[in-house]
Amino acid sequence: MWLIFLCILQLLYTWNCEALTVKALVPRYKIRGETAVLRCDFELEGDLLYAVKWYRENEEFYRFVPKATPQKTSYIVDGIKVDHAQSNSRQLTLKDITLKTTANYRCEVSAEGPSFASAQDGGRMEVIYLPKDGPYISGDKTVYQFGDSINLNCTSAKSYPASTLHWFVNNIPAKEESLKRYSPQIHPRGLVTTTLGIRLSLDAETVLNGAVRVRCVAILSPVLWSGDNEKVLSRQDKREALLLVTGSSSKCHYSLTVVFLFIIIIMSLFM
Ligand SMILES: *[C@@H]1O[C@H](CO)[C@@H](O)[C@H](O)[C@H]1NC(C)=O
């Protein structure tokens, strides 16, 4: 009701109810260090452009005013580096994005008189921090006897958002009851490390041909994390650590030794 009334009121002034339309295109996810291009598309419907302003949360950091000299102005805001050469009225380029670049962005377009119309649109951008190395496996001992229980932890490298961990024993996903979940650790700048423990018995079921292969996989997948059904261009980061426990038998006893521990890093790209 009110909307119609306001429209009629505006119509009396401008003879056009939808004089100005704005559509912002803000990338949903970006990887730290990348360049982000944010678009602000608008239809002036015959009006002249007065200014395009970009805000992070409610703080203005860039404006484009065609009649001003210089046309482009940017203000210092932590975590934002505007690339003026690659920015104009419809496009804003941010260089070397950091975790601090994560925010809600909006562009506001205003027209010159007589309409002085203005409209805005925006979106949220989240910056992803990929882990710098693989997860690592730690244990309480290095030598075990057949029949012992082995307690291991797998800890992911720092990332944002948190990586999810999965244990595999002889290439089979570990049983839920053998896992021990610890709460994630939050570090400065919001980076997260996760730890997942496993307890396994070195018995005839797990020791195959004198060895046990224990693998921990850390996955960072922004698509799973997003929770919305928006189609996003995304990549999945997958890294793993492998532990091999091998047996050696001497005259009187059979012992198992953690012989090597290495990290395999697999980076997969999903489009
Ligand atoms: C696994 O990590 C937890 C939490 O940091 C710690 O309390 C526990 O002692 C660790 N266990 C092993 C086997 O390293």
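In listed order, ligands and their atoms are each counted from 1.
- Listed by chain and number, the hydrophobic cluster partners of Tyr50 are Val65, where partners are ILVMFWY side chains within reach of under 4.5 Å, directly or through others.
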Under 3.5 Å, sequence neighbours excluded: what are the donor-acceptor pairs made by side chains of residues 184-191?
{"from": "His187", "atom 1": "NE2", "to": "Thr193", "atom 2": "OG1", "distance (Å)": "2.9"}

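- In this structure, atom 5 (O) of ligand 1 has no protein heavy-atom contact shorter than 4.0 Å.
- Regarding atom 9 (O) of ligand 1, its nearest protein heavy-atom neighbour is Asn153 ND2, 4.8 Å.
- Taking atom 7 (O) of ligand 1 as the reference point, the nearest protein heavy-atom neighbour is Tyr182 CE2, 4.4 Å.
- Counted by atom type alone, Ser163 and Thr194 present zero donor-acceptor pairs between their side chains at under 3.5 Å.
- Ring planes of Trp54 and Phe61: tilted class, angle from 30 to 60°.
- For atom 14 (O) of ligand 1, a protein heavy-atom neighbour is found at a distance under 4.0 Å.
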